[in-house]
Amino acid sequence: MLSASSALKRTVGSLKTTLTPNVSTWSQSPVFVRGNQTMATEMPKPKAPKLAAQPVSPRPKTLHYFVPRNANGNLPVYSDIRNGGTRNLVLVRNVQGQLQKLTSELRVVLCEGDHQPGPTRPKFQADIVNGTTLRITGGGGLWARQVMEYLTKKGF
């Protein structure tokens with residue numbers, strides 16, 4: 001008759017012999033084979049999802065200014081009516097870089113683009129406010145749509 005300790009040693013010994021590492025996959029992940037069952041000691045690592053590439057704006061590198069879009073994705077161009085409707089303003093906010101270059105380009109586009117030269121040309125006046133805001137007045141001042149179209153064409 002066998003004692004309990006010898007029976008336990010025999011069971012442990014048989015487990016040691018049946019649990020052998022699979023040498024062919026040892027370098028990848030340790031897998032132990034027990035009869036017809038396989039047990040992995042490590043879980044496979046999940047693959048990280050690929051992030052979609054952000055579209056690159058077609059803005060040329062030679063511009064001396066930048067007009068970022070706001071949190072809603074719109075251009076920061078606003079129209080403002082003051083003095084009981086007699087003074088119309090167009091504000092371009094958050095302009096980074098040289099506002100004088102933007103002012104001269106807008107003067108050409110708004111005043112000399114489609115209008116006749118001479119006294120019928122609308123009056124154009126632009127002021128720089130707070131270093132980042134361009135205020136356009138004169139000529140009726142309802143140029144917000146034209147300014148937004150121009151900035152969109154430039155790639156902003």
Side-chain angles (χ1 to χ4, degrees), residues 15 18-156:
L15 284 176
T18 58
L19 285 174
T20 58
N22 187 355
V23 180
S24 65
T25 60
W26 183 261
S27 62
Q28 297 169 358
S29 64
V31 177
F32 292 94
V33 178
R34 178 198 231 173
N36 62 356
Q37 299 175 349
T38 58
M39 298 181 295
T41 58
E42 294 181 10
M43 296 296 293
K45 294 179 182 177
K47 294 182 180 179
K50 293 183 179 180
L51 299 176
Q54 296 293 330
V56 178
S57 66
R59 183 172 37 90
K61 304 271 186 210
T62 59
L63 293 178
H64 299 283
Y65 55 88
F66 178 69
V67 183
R69 291 183 176 258
N70 60 18
N72 294 329
N74 299 323
L75 287 169
V77 178
Y78 306 97
S79 60
D80 191 12
I81 300 173
R82 296 199 176 171
N83 295 348
T86 61
R87 184 173 177 214
N88 296 317
L89 304 173
V90 176
L91 299 172
V92 183
R93 294 184 180 157
N94 302 325
V95 180
Q96 301 168 0
Q98 298 178 1
L99 274 76
Q100 293 83 9
K101 298 275 186 178
L102 176 62
T103 303
S104 62
E105 291 177 8
L106 286 175
R107 177 175 282 119
V108 170
V109 170
L110 297 177
C111 294
E112 300 168 4
D114 297 329
H115 301 288
Q116 298 292 328
T120 60
R121 185 174 68 195
K123 182 180 176 185
F124 180 89
Q125 181 180 357
D127 302 320
I128 298 172
V129 183
N130 297 335
T132 61
T133 302
L134 180 66
R135 181 175 55 199
I136 302 169
T137 59
L142 301 175
W143 288 326
R145 181 173 294 138
Q146 288 88 347
V147 171
M148 287 179 22
E149 289 173 0
Y150 175 74
L151 291 175
T152 304
K153 287 178 185 177
K154 294 292 268 186
F156 295 111

Residue pair [X] / [Y]: nearest heavy atoms and the distance that separates them:
X	Y	answer
Y150	L106	CD2-CD2, 3.6 Å
V92	V95	CG1-CG2, 3.6 Å
M148	L75	O-CD1, 3.7 Å
P68	Q96	CG-NE2, 4.0 Å
L110	W143	CD1-CE3, 3.6 Å
V67	R93	CG1-O, 4.4 Å

With rounding to the nearest 0.5 angstrom, report the [atom1] to [atom2] distance, [X] to [Y].
X	Y	atom1	atom2	value
I128	L134	CD1	CG	6.5 Å
D127	L91	CG	CG	10.5 Å
Q98	H64	CD	NE2	6.0 Å
Q125	T103	CD	OG1	11.5 Å
L102	L151	CG	CG	6.5 Å

| request: For R69, look at atom CZ and say whether over 12 heavy atoms of other residues, nucleotides or ligands are found less than 6.0 Å away. | output: yes

| Among all residues two or more places apart in sequence or in another chain, which pass the side chain to side chain contact (heavy atoms under 4.5 Å, CB included) test with N130? |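 In terms of side chain to side chain contact (heavy atoms under 4.5 Å, CB included), with neighbours along the sequence ignored, N130 is linked to no residue.
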
| remark: Applying side chain to side chain contact (heavy atoms under 4.5 Å, CB included) to T132 and not counting sequence neighbours gives none

| Under the 3.5 angstrom rule, does the side chain of N72 hit a backbone N or O of N74 as a donor-acceptor pair? |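 No, because the side chain of N72 does not come within donor-acceptor range (under 3.5 Å) of the backbone of N74.
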
| task | List the steps, then state whether side-chain contact (heavy atoms from CB on, under 4.5 Å) holds for L99 with Y65. | result | CA-CA 7 Å; L99 274 76; Y65 55 88; over 6 Å; no

| Any L63 side-chain heavy atom under 4.5 Å of F156 side chain | yes

